[in-house]
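Notes follow the structure.
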Amino acid sequence: MAASRSAAVRLDERVREPPTASSRAFTPLVVVGDRAAYLHAGLSRAGLARDVLAAAVEIERLEHPRWAVPSAESALTVFVTAGVRVARAWDLAEVHRLLAGGWAADLGRVHAHLVGLPIDRVPQPRASDLFDFAAPSPPDADPNDPVGAGGYVRADALTPDWADRDERLLALARLVGDLAARQYAALSALPVGGPRAVATAHSESAAAVLCLELAHHGLPVDRRRAEHLIGAAAGPRPASELDAARIRRERDSLVLRHTPDRSADLRNPAQVKALLAGCGVEVETTRKWVLEPYRTTHPVVGALLDWRKAERIATTYGYRWLDEHVGPDDRLRGAWTACDGGAGRMTAQAGLHNLPAELRPAVAAAAGHVFVRADLGQIEPRVLAAVSGDPAFAAATRSDDLYAPVAAKLGVERPVAKVAVLAAMYGQRSGSAGETLRDLQRAYPVAMRLLDDAYAAGLARRPLRTFGGRLIPLDRTLTADEQAAPREWLDAARGRFARNAIIQGAAAELFKAWALTVRHLLIPLDGQIVLCLHDELLVHVPANAANTATDVLHRALADAARRWLGPTQPGREVRFVADVCVVNRWDEAKG
DNA sequence: GATTTCACGTA
DNA sequence: CGTACGTGAAATCC
């Protein structure tokens, strides 16, 4: 390999680009197969991905430009594997999700949305491949332009089939820079919180990079402890298919021994329902919370519920899961996304977001390291206070326990106040907590008004934006099944969804701002975020950095909240709190 | 073979 | 006290 060539940026290989708004603000970078191109400070470079990316990594080390990319995954993975923490990014896909709602965000959709072309006619690469390639381009179309005839981005623009030469890579980079500039303008022009929406775009883009880092680093696992916990719930590791069947039968027999005169496939809900009926337990469904009250009716119920728990470990979090997702370096790895298609929470695969509590002791810091575990306290009501600007509710956030001042103000016990606040944020407004809800309305009218307005927007199918600017689509066309459902039920469901989405979405925005601040401050400590769980961060640091990292988590929250909220009127400051502790295992109690 | 339903884990 | 997501097994659709 020509090592000297790959790292150095040679001026004679560059081509001067005309200065445009996009090239000043952004450094577009595209990677397609084994080729790549970027436009940086008016100079362009294209060629073998190995060489171009080595130069790009060098630029990142020196200058921290804002890399504009079709997606972080497509263009910035190499930075992550090289151990270089990308400081600034503009991820077209993430910004599109923010701007337009939903999750689909391929380059064709991003472009069509920004130039005002119908989304439903965006050329799709899948089944129509044969057609696309068969259809000859009009003679006047530029064969090196990723925007094809009809004004849409070619379906194959980001494939090695089309992007097989430097001038096409450069055209793609120019397109990416142009789209980033258009997104910037669109966010800036939003009627509510334009500058904040741009800040959210920066944050979401960085979150996409963090997702690559999370997938790369993985979550440290004590493999022997994991094997032990799985063994305790699901039995020993089966030596063969036959052995596995025997273990399953033994597990089943713990339930079926209670019904010697009848049998059933426990994995078949219909058969389980019939089995239970034969034992005098008549239920509509066999769900856990339906069966729970019948534990004392017949011993088979308790045995079945215990069986379900063990079966869950055996099937979903058993030896296969361990073998598939925990690497030879004892790290649990799964893919992460910076936002879901709804309110904007992060998602994770490989069970990282729904690991049963009983397996958490298996998540353990590596030798010489500790976890610093932090979770945001009462995040959703505090976020409600912040985004609504309710001065009275903001005053309540100054307490460590937000529900205490609320209870005092309403003249009720704390549990009553808590249920009322949660019911106002998520529940049916017409429930049994009616009187307390009316008191809540009087005490915190601004906050309650925000919730009511969101509910009304849901009913009216009027799209909303979160505090940070994310579009919450509420005008989705109904599926056939949904059209058959009662109208009032659907309306109420959409109202609840809307009310939840503005709170959950804003909380996700604050959480990401916090996480990214932590990520930045951890660099000198040689620490990493290894898990993000909606309101909880798990940070892995060398043991001697534990105290500093604890400070970092608190300080980052204050910084992130201040930046996220922007200037606040005196007397309306909202306080956010984090519970932070140093542990060796994830399940250990908070200090 | 792909999609839907049920069930349940997490926040 | 509601929403969301990911997962696996069985049922169902085509």
Side-chain angles (χ1 to χ4, degrees), chain A residues 103 233-234 248 264-273 283-292 304-318 320-321 324-325 334-360 363 375-381 383-384 415-433 436-437 451 454-455 458 466 470 472 474 479-481 492-508 511 531-538 586-587:
Chain A
W103 208 79
R248 270 199 300 276
D265 178 357
L266 298 177
R267 294 158 190 84
N268 180 326
Q271 288 188 35
V272 170
K273 193 176 159 185
V283 286
E284 273 303 308
T285 81
T286 69
R287 292 190 174 94
K288 191 172 85 169
W289 51 92
V290 175
L291 289 181
E292 200 66 52
L304 175 69
L305 292 174
D306 293 345
W307 176 90
R308 286 240 178 100
K309 222 175 161 72
E311 178 77 0
R312 166 74 46 182
I313 303 273
T315 56
T316 306
Y317 302 103
R320 189 177 63 191
W321 168 78
E324 271 183 26
H325 302 295
W336 290 75
T337 71
C339 73
D340 57 32
R345 277 185 168 186
M346 295 172 76
T347 70
Q349 294 179 322
L352 283 156
H353 271 182
N354 39 8
L355 202 66
E358 58 187 297
L359 288 185
R360 290 187 176 194
V363 176
D375 74 307
L376 300 176
Q378 304 169 336
I379 180 61
E380 291 183 334
V383 161
L384 171 60
V416 177
K418 179 174 174 176
V419 167
V421 169
L422 294 174
M425 282 195 297
Y426 311 131
Q428 315 265 18
R429 301 302 298 274
S430 55
S432 52
T436 314
L437 275 172
L451 296 171
Y455 192 88
T466 63
R470 180 179 300 277
I472 309 289
L474 293 158
T479 64
D481 276 357
R494 207 165 37 244
R496 283 196 303 273
F497 168 73
R499 193 164 51 195
N500 184 272
I502 57 163
I503 301 300
Q504 193 186 96
F511 176 81
L531 190 73
C532 296
L533 195 47
H534 307 315
D535 66 353
E536 178 175 351
L537 276 176
L538 200 61
W586 189 15
D587 66 301

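In what follows, every chain begins at residue 1, and chains take the letters A, B, ... in the order their sequences are listed.
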side-chain contact (heavy atoms from CB on, under 4.5 Å) partner of A:Leu531, the single match among A:Val363, A:Leu355, A:Leu538: A:Leu538
Atom-to-atom span, CG of A:Asp306 to C1' of B:dC8 - whole angstrom: 15 Å
Contacts of A:Asp265 that satisfy side chain to side chain donor-acceptor pair (under 3.5 Å) - sequence neighbours left out: none
Residue-level proximity of residues 346-355 of chain A to DNA chain B when a heavy atom falls under 4.0 Å: A:His353, A:Asn354, A:Leu355
Partner set under side chain to side chain donor-acceptor pair (under 3.5 Å) for A:Trp321, not counting sequence neighbours: none
Distance, rounded to the nearest Å, where A:Ile379 contributes CD1 and C:dG2 contributes C1': 17 Å
Whole angstrom value for the distance that separates P of B:dC6 from CG of A:Leu266: 19 Å
Neighbours of DNA chain C within residues 335-345 of chain A, by heavy-atom distance under 4.0 Å: A:Asp340
Nearest to side-chain heavy atoms of A:Pro356, which nucleotide of B:dA7, B:dG9, C:dT3: B:dG9
Below 4.0 Å: OP1/OP2 of B:dG9 and any side-chain N or O of A:Lys288: yes
Results of side-chain contact (heavy atoms from CB on, under 4.5 Å) for A:Leu537 - residues two or more places apart only: A:Phe511, A:Trp514, A:Ala515, A:Val518, A:Ile529, A:Cys532, A:Leu553
For A:Ala501, all residues meeting side-chain contact (heavy atoms from CB on, under 4.5 Å), sequence neighbours excluded: A:Ala343, A:Ile472, A:Phe497
side-chain contact (heavy atoms from CB on, under 4.5 Å) partners for A:Arg287, two or more places apart: A:Thr285, A:Trp289, A:Val290
Selected nucleotide, minimal atom distance to A:Arg312 side chain, candidates B:dT10, B:dA7, C:dT3: B:dA7
Length of the CE-P vector between A:Met425 and C:dG2, whole Å: 13 Å
Rounded distance in Å - CG (A:Leu474) to C1' (C:dT3): 13 Å
Of the listed nucleotides B:dC8, C:dC1, C:dT3, the one nearest the side chain of A:Asn500: C:dT3
Donor-acceptor contact below 3.5 Å, side chain A:Arg494 vs main chain A:Gly458: yes
Value in whole Å for how far the P atom of B:dC6 lies from CG of A:Leu304: 17 Å
Considering only nitrogen or oxygen atoms on both sides, find all protein atoms under 3.5 Å from nucleotides 9-13 of chain C and state each distance.
from: C:dA11; atom 1: OP1; to: A:Asn268; atom 2: ND2; distance (Å): 2.3

Residue list, salt bridge (Lys or Arg N to Asp or Glu O under 4.0 Å) with A:Glu292, at least two apart or on another chain: A:Arg295
Under the side-chain contact (heavy atoms from CB on, under 4.5 Å) test, residues paired with A:Lys273 that sit two or more places apart: A:Thr286
Selected nucleotide, minimal atom distance to A:Leu422 side chain, candidates C:dC1, C:dA4, B:dA7: C:dC1
Contacts of type side chain to side chain donor-acceptor pair (under 3.5 Å), residue A:Arg470, not counting sequence neighbours: A:Glu204
Phosphate OP1/OP2 of B:dA7 contacted by A:Thr286 side-chain N/O (<4.0 Å): yes
Gap between atoms CZ and P, on A:Arg499 and C:dG2 respectively (whole Å): 10 Å
Nearest-Å distance for atom pair CG/C1', residues A:Leu538 and B:dT10: 14 Å
Non-neighbouring partners of A:His353 that pass ring pair (Phe, Tyr, Trp, His ring centres under 6.0 Å), sequence neighbours left out: A:Trp336, A:His534
Pairwise distance CG(A:Leu384) to CD1(A:Ile379) - rounded to 0.5 angstrom: 11.0 Å
